[in-house]
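Computed from a predicted model, the values in this text were never measured in an experiment. Just so it is clear: chains get the letters A, B, ... in the order the sequence lines come, proteins before strands, and each one is counted from 1.
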Amino acid sequence: MGQPQDPRGNLVRPYAVTRGRTEPRRDIPIEAVLVASQAALQEARFAGHDKYRIAVLCEAKPQSLAELSAHLRQPLGVSRVLVADMVADGLLSLHSAAPKTGFAERMDLLERVLSGLRKL
Amino acid sequence: MDFASSERAGAQPKEITSAKIVVAGGFGVGKTTLVGAVSEIEPLTTEAVMTSAGQGVDDASKVPGKGTTTVAMDFGRITMADDLILYLFGTPGQTRFWFMWDELIRGAVGAAVLVDTRRIADAFAPLDYFENRHLPYLVALNCFDGAPRYEPDEVREALAIPAHVPLIMCDARQRDSVRTVLVGVVEHAMATLVAEQTGGFPAVVG
């Protein structure tokens with residue numbers, strides 16, 4: 001890993017913090033929101049620098065994957081691998097992105113978003 | 001998560017739903033300005049790294065000496081309730097990064113295609129893209145100072161925008177104007193959903 005003669009060269013360098021893994025353990029939408037409890041934050045101290053920073057951000061305020069990637073100045077794919085690990089390890093809870101099926105559920109969400117926009 | 005629920009006394013953690021609206025358009029058309037006009041945070045930038053192994057989504061030979069290309073997307077956030085957050089994502093300016101558009105529109109409520117009347121042709125690619133995806137969208141004409149004024153019908157004809165797609169004028173710098181655009185996107189999404197449900201709407205090609 002990371003040797004100059006690695007045939008993958010630049011392709012894997014952004015993924016050094018994930019130890020070269022580019023596939024997340026589960027797919028996480030870019031807008032999905034993540035939350036860390038205080039207990040999880042304590043546990044994340046032992047999970048490494050990058051994961052701890054993610055836990056700190058998500059304990060302070062619910063954050064989307066996109067926000068985490070922006071705050072950590074990491075490519076989206078790198079943050080996604082780390083976040084997926086943390087969800088699997090119970091360090092973050094993954095909240096739902098918009099429902100994709102079901103007329104009533106989708107209409108209910110649209111109505112709530114509409115009323116939120118009108119209050120802006 | 002068991003420990004999460006016992007963490008804060010008495011407060012059952014609420015499931016937070018996040019929704020997103022996509023803002024598309026050519027480079028420099030004002031997407032980030034539009035997002036910033038309503039976002040509660042300064043627009044943030046997230047980057048996706050595309051490898052040249054990306055199944056022909058990009059021509060790596062155009063980027064000499066680089067195995068990767070970085071695609072930047074600006075986005076903003078509106079917290080609507082403690083259990084509802086709306087995100088606004090601007091598409092990458094260069095329409096050749098379709099792979100990122102596909103990720104952005106997945107699960108989106110709808111989209112607005114922002115058009116600069118000085119460079120109408122820049123809107124063709126985004127319009128084509130949405131016309132071929134199963135996502136409700138509208139067209140918003142960004143009225144820059146000194147930009148040529150066209151009647152909405154002229155623009156609709158010039159860009160061959162289908163009759164069922166709403167077209168509105170806006171000023172991407174003005175909060176009220178941007179709110180009107182976003183309300184329009186959601187109302188159009190609702191109308192599309194109802195029409196699909198009742199079968200009274202021509203099916204969109206997925």
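- Closest approach of S18(B) to A32(A), counting heavy atoms only: OG-CA, 3.8 Å.
- No side-chain heavy atom of K119(A) sits less than 4.5 Å from a side-chain heavy atom of M80(B).
- Remark: the backbone N or O of H95(A) is not paired with any side-chain donor or acceptor of E15(B) at under 3.5 angstrom.
- For the pair R179(B) (side chain) and L120(A) (backbone), a donor-acceptor distance under 3.5 Å is present.
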Legend entry - Criterion side-chain contact (heavy atoms from CB on, under 4.5 Å) on M190(B) and R106(A), from CA distance to verdict: CA-CA 9 Å; M190(B) 292 169 97; R106(A) 289 167 69 193; over 6 Å; no

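- The shortest heavy-atom contact between E31(A) and Y87(B) is O-CE1, 3.8 Å.
- In this structure, R106(B) and D27(A) have side chains that are in contact, with non-hydrogen atoms separated by less than 4.5 Å.
- Across all non-hydrogen atoms, the minimal contact from L110(A) to V109(B) is CD2-CG1, 3.4 Å.
- Note that the CD1 atom of I21(B) and the CG atom of L117(A) stand 5.5 Å from one another [nearest 0.5 Å].
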Inset, instruction - Please report the C-alpha distance between E67(A) and T46(B) in whole Å, then the side-chain angles of each, then the deciding distance to 0.1 Å, and finally whether the side-chain contact (heavy atoms from CB on, under 4.5 Å) criterion is met. - result: CA-CA 7 Å; E67(A) 284 168 293; T46(B) 184; over 6 Å; no

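- Of all heavy-atom pairs spanning R77(B) and Q63(A), the tightest one is NH1-CA, 4.2 Å.
- For R26(A), the CZ atom is loosely surrounded, since the number of other residues' heavy atoms within 6.0 Å does not exceed 12.
- Interface remark: I30(A) contributes backbone and side-chain atoms alike to the contact with chain B (heavy atom separation under 4.5 Å).
- Both the backbone and the side chain of T17(B) come within less than 4.5 Å of a heavy atom in chain A.
- The shortest heavy-atom contact between L84(B) and V113(A) is CD2-N, 4.2 Å.
- Under the 4.5 Å side-chain criterion, counting only non-hydrogen atoms from C-beta, L76(A) is not in contact with E47(B).
- The pair E103(B)-R80(A) meets the salt-bridge criterion, with a side-chain N (NZ, NE, NH1 or NH2) lying under 4.0 Å from an Asp/Glu carboxylate O.
- The parts of L193(B) that come within reach of chain A are both its backbone and its side chain, each placing non-hydrogen atoms under 4.5 angstrom from that chain.
- Residue I78(B) touches chain A through its side chain alone, counting heavy-atom pairs closer than 4.5 Å.
- The contact between D83(B) and chain A is made by backbone and side chain atoms together, counting heavy-atom distances below 4.5 Å.
- Contact annotation: the side chain of V194(B) approaches that of M107(A) to within less than 4.5 Å [non-hydrogen atoms, C-beta and beyond].
- Contacts of I16(B) with chain A are made by both backbone and side-chain atoms, with heavy-atom separations under 4.5 Å.
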